[in-house]
Amino acid sequence: MASGVRDTIRFLIIDSSPGEAESFLNVFRESGYSTRANLINSLDDLTSAMSGHQHWDLLLMTEPPVPLNFPQIFDYINKKDVDLPGIILLPPDNETDHLSLMKMGARAVIPLGSDDYLLAVAQKELEDLKIRRHHRRMSVALHESEKQRRLLLDDQVDAVVYVNGGRIQYANSAFLMLLGLPEEESLDGKFFKDLISTNDQQDVEEFLLGIEESGQALAVIQCPLVAQNGSEVPTRAVISPTSFNGEFTLSLQIKFNEQEAGQGGTDKTIEKSAPDSETGLLGRKQFDQELDVAIQRAVSGKGKATLCCIHIETLKAIHDQRGKEVSHKLLKAVASKITAGLGGIHPVSSVGGGNFAALLREGEEQEVKVLTDKLLTTVTGEHVVIDQHLLSVKLSIGAVTLSDTTNDPKTLMVQSRQATVLAQKEGGNQLCFYQKRKVSSVRSVEKQLAGMVSQALRNKKFRLSYQPVISLAGSSAEYYEVSFVMTDAQGRDHEASTFRPKLEKISLWNKLDRWQLIEASKALMAKRKEGCDTRLLMHVGGFSATDDTFLPWMKVALKAAGIPANAVAIELSEQNLGRYSEVIPGFFSSLKDMGCQTVVSEFGCSLNPLEAIAHLDVDLVKVDPSFTEGLTDSDNAKELQRMIEALSQSGKKVIVPGIETAEEMTPVWQFGADFIQGSYMQPPSESMDFDFGADG
């Protein structure tokens, strides 16, 4: 079952209306995010928020309250040099110059009330922010890594020199010693060819530049050096790709060549890893090295390449009809045709399952298409004869282009395979390029979800699940939270919490709330007949809270099932408190009159969470699961501790969900929580079978 873990976004909101600010947060919470927010009304508020240790993710602004204004805000942020994307929301009829706001530093200016637009822009900004933060962390790590590498290289026995574009970027002390140069001398920026014997300078220089251009993963060349005293030092260089100061660079490991010491000429034979003599295929390890180099070159802007997955469509049928021996021989024959068709220029390796990976040195789609069209003609144009069997060959080719955003070879392999599947679906014997799937709009997602839920409801594809809620104060009652799991048409399970935020505002969810209450009441009654004081926490959607018929129906349903009202606690999410603020007090009051307990769940994500429940008759408060993520981090732990202490002081019992380990349970107990819930005690189960006595 899905875990329901949500990303947490931390907002600074500049808006004179707390209600408007709360509605912004609901846009994100309905889309599956947890939120934290701080409402800013003055420059002092902004200064205070920025001066803490907290990192903020997004700044949302409408017209700032007087005397605050946009120039002040952006001027402060720019002076602090804080990476905080700012999005401005203005009424459609507002005449403020959008260009001037963008020049001040706004990332986007969007119409107020365009929730889908806000969500799309914010998600893009959050993704960009994540990339920037990752880049900064990796830059620091790379700097430290290169410092360590320099220390290691300086202690290296072998001479090592880094070369980029023919110029030396770094040379270790062993290399300086080999040339008879003082250890303090720097060769940085000098041409490597100037250190090579005159007769070999041009050949070695052209070879190194060729390696840079081709992206060859490994090679060896004879390159006699000239020492400080003018004598020739017979050496060879083992060349491999690396990076230095963030640039694609060649690493030359220089080895003294004793065999050449007494010979008059220099053997310029280039050594490199050879492909299989029978098929022309590279070993997988060597191919992965070639792919790594191609990725480095693409990221460094030194040239594109294309990764192809080539699938033999007819191999499985031939294996089934003719047996393993024939299919194996066909595989080898096709491999030979592929490597021959690519002229030995483009590395090819077998990746299993009748698939080959080919790294094309071309990066433009049209060039790749021309190349693969010729390959298809070469390989599939005529039958292959294996053991007197005339066999046809059909290929599907999927391709993904390496670009400056490429960084993960595994992802590239998956994408090329997905493109191959597309080529298969379109009939085979053709090339298809990988294309990112388009993301559906928010409304279409809600429509699809509603259709899926309706179908599951008709087909009775829902089942209840129960998770114990453990008292840390020794309560005699045994609490379970009830929820439900939906099985879709493909047989996949989905927890209610993963789609409830998008659908609980519509009447469809009211049907689910009623189904849940009836089915859970049956199970609860059976459990209570065993003599246990078992109670259920039951989440209902916002629509049910606004439905005048729901509570009278619920009262009748509980009576019919023989369930006392005090055995049921009704949960509403925090965002519904703000969404239906006019009706929730009456809804909770009616529940208390019936004898039910009241619960607010997913608590702590609004602007002023404690104020939101101050005047409500609430028995239990379940904090949002995001509060227990990363409890080993001191800042996160302090945030949870402050929340528990504040709720306890206001007389509310606190439930902390998401406890997955003993290490997480210990601080929660120390902070004074009343109840805990999580997979460490027991994951959601289809029966109420937790042994509360053993836990106690």
Side-chain angles (χ1 to χ4, degrees), residues 4 26 29-30 449-450 453-454 456-457 462-467 469 479-486 494-524 535-561 563-603 605 612-613 616-622 624-625 655 657 677 684:
N26 274 343
R29 294 171 72 177
E30 287 174 15
L449 277 174
V453 170
S454 295
L457 199 55
F462 285 95
R463 66 180 187 275
L464 295 179
S465 67
Y466 304 90
Q467 187 171 37
V469 179
Y479 283 94
Y480 288 90
E481 182 178 44
V482 61
S483 185
F484 52 86
V485 178
M486 177 185 71
H494 306 270
E495 287 187 358
S497 59
T498 62
F499 53 91
R500 172 175 47 78
K502 290 186 180 298
L503 300 181
E504 66 173 343
K505 294 182 293 183
I506 62 177
S507 59
L508 173 63
W509 203 265
N510 186 264
K511 295 179 182 178
L512 286 171
D513 284 339
R514 295 181 185 225
W515 172 85
Q516 176 186 235
L517 190 139
I518 290 172
E519 297 301 317
S521 295
K522 296 176 186 176
L524 179 60
R535 305 185 183 192
L536 289 183
L537 278 68
M538 198 175 306
H539 200 294
V540 300
F543 188 92
S544 295
T546 65
D547 179 7
D548 292 338
T549 68
F550 181 75
L551 287 182
W553 171 88
M554 176 181 161
K555 188 173 183 179
V556 172
L558 291 177
K559 185 176 181 181
I563 302 294
N566 65 4
V568 176
I570 297 297
E571 289 183 44
L572 272 178
S573 68
E574 181 188 60
Q575 67 185 111
N576 282 319
L577 303 188
R579 185 186 285 146
Y580 307 111
S581 58
E582 294 181 0
V583 301
I584 294 300
F587 182 74
F588 274 4
S589 178
S590 296
L591 283 169
K592 297 291 288 185
D593 290 342
M594 286 172 56
C596 296
Q597 287 186 296
T598 53
V599 187
V600 175
S601 61
E602 297 168 16
F603 183 80
C605 294
I613 62 171
L616 294 176
D617 196 351
V618 177
D619 297 300
L620 298 163
V621 175
K622 185 164 78 167
D624 191 77
I655 305 171
Q677 179 183 1

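If you're wondering where the values come from, they're calculated on a predicted model, not measured in any experiment.
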S.K.: I'd like to check the salt bridge (Lys or Arg N to Asp or Glu O under 4.0 Å) partners of Lys522; sequence neighbours left out, ordered by chain and number.
M.R.: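 Residues passing salt bridge (Lys or Arg N to Asp or Glu O under 4.0 Å) with Lys522: Glu519.
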S.K.: Hey, what do you get for OG1 (Thr598) to CG (Leu537), rounding to the nearest 0.5 Å?
M.R.: 10.5 Å
S.K.: Just list the side-chain donor-acceptor pairs under 3.5 Å for residues 588-595, sequence neighbours left out, or say none.
M.R.:
{"from": "Ser590", "atom 1": "OG", "to": "Gly586", "atom 2": "O", "distance (Å)": "3.0"}
{"from": "Lys592", "atom 1": "NZ", "to": "Asp619", "atom 2": "OD1", "distance (Å)": "2.7"}
{"from": "Lys592", "atom 1": "NZ", "to": "Asp619", "atom 2": "OD2", "distance (Å)": "2.8"}

S.K.: Apply side chain to side chain donor-acceptor pair (under 3.5 Å) to Ser573 and list each qualifying residue two or more places apart in sequence or on a separate chain.
M.R.: Asn576
S.K.: The criterion is ring pair (Phe, Tyr, Trp, His ring centres under 6.0 Å); which residues satisfy it with Tyr479, sequence neighbours excluded?
M.R.: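 Here the qualifying residues are Phe675.
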S.K.: Heavy atoms, side chains only, cut-off 4.5 Å: are Tyr580 and Leu572 in contact?
M.R.: no
S.K.: Glu504: which residues meet the salt bridge (Lys or Arg N to Asp or Glu O under 4.0 Å) condition with it, sequence neighbours left out?
M.R.: Arg500, Arg579
S.K.: Please enumerate all residues that pass ring pair (Phe, Tyr, Trp, His ring centres under 6.0 Å) together with Phe499, with sequence neighbours excluded.
M.R.: Trp509
S.K.: Can you check whether Phe462 reaches Val453 side chain to side chain, under 4.5 Å on heavy atoms?
M.R.: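 Yes; the side chains approach each other to less than 4.5 Å.
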S.K.: State, with a plain yes or no, whether a side-chain heavy atom of Ile570 is found less than 4.5 Å away from one of Met554.
M.R.: yes
S.K.: Can you sort out the partners of Asp547 under salt bridge (Lys or Arg N to Asp or Glu O under 4.0 Å), two or more places apart, ordered by chain and number?
M.R.: Arg514
S.K.: Under the side chain to side chain contact (heavy atoms under 4.5 Å, CB included) test, which residues partner Ala520, sequence neighbours left out?
M.R.: Leu464, Tyr466, Val482, Leu536, Met538
S.K.: By side chain to side chain contact (heavy atoms under 4.5 Å, CB included), which residues pair with Pro564, not counting sequence neighbours?
M.R.: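 For Pro564, the residues satisfying side chain to side chain contact (heavy atoms under 4.5 Å, CB included) (neighbours in sequence not counted) are Arg528, Asn566, Ala567.
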S.K.: According to side chain to side chain contact (heavy atoms under 4.5 Å, CB included), who are the partners of Ala612, at least two apart in sequence or on a separate chain?
M.R.: none
S.K.: Are the side chain of Gln516 and the backbone N or O of His539 linked by a donor-acceptor pair below 3.5 Å?
M.R.: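 Here the side-chain-to-backbone pair exists.
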S.K.: In a check of side chain to side chain donor-acceptor pair (under 3.5 Å) between Lys622 and each of Glu574, Glu481, Glu602, which one passes?
M.R.: Glu481
